[in-house]
Amino acid sequence: MGNSVKIEHGNGISTWYGHLSKMSVSKGTAVNRGDIIGYGGTSGSSTGSHLHYGVYMNGVAVNPRRYLN
């Protein structure tokens with residue numbers, strides 16, 4: 001997925017953002033809602049600019065729809 005950022009939210013919840021053209025945070029950086037963590041792009045195996053977004057509960061992928069607002 002090229003350049004990617006994984007955020008651990010606690011309580012077994014994590015989010016993952018892939019294919020970033022540039023990352024704005026590094027490992028161990030604390031982030032808050034609204035912080036820029038990276039920029040969409042085409043890194044990795046990609047045919048055009050886009051973002052892969054995933055939500056995981058205890059390491060298992062879940063439907064991310066309920067976490068989008």
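Remember, predicted model here, so these are calculated numbers, not experimental data.
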Discussion item. Is there a side chain to side chain contact (heavy atoms under 4.5 Å, CB included) between Tyr56 and Lys6? Walk through the geometry before answering.
Written reply: CA-CA 10 Å; Tyr56 296 82; Lys6 180 181 179 185; over 6 Å; no
Item to complete: Report yes if some heavy atom in the side chain of Tyr17 is under 4.5 Å from a heavy atom in the side chain of Ile37; otherwise report no.
Response: yes
Looking only at heavy atoms, the pair that brings Ser21 and Gly40 closest together is OG-O, 3.2 Å
**Prompt:** Just wondering, more than 12 heavy atoms not from Leu68 lying within 6.0 Å of its CG?
**Reply:** yes
ask   = Applying the 4.5 Å side-chain criterion to the ILVMFWY set and letting contacts propagate, would Met23 and Tyr53 be lumped into a single cluster?
value = yes
Output for pair (Trp16 CH2, Leu51 CG), nearest 0.5 Å, gives 8.5 Å
* Asked: Between the main-chain N or O of Ser43 and the side-chain N or O of His19, is there a donor-acceptor pair closer than 3.5 Å?
  -> yes
Between the OG1 atom in Thr29 and the CD1 atom in Ile7, the distance rounded to the nearest 0.5 Å is 10.0 Å
The reported gap from NE2 in His52 to CG in Leu20 (rounded to nearest 0.5 angstrom) is 11.0 Å
Here the pair of heavy atoms bringing Ile36 nearest to Ser24 is O-CB, 3.5 Å
Check: Do side-chain atoms of Asn63 reach the backbone of Arg65 as a donor and acceptor pair under 3.5 angstrom?
Finding: yes
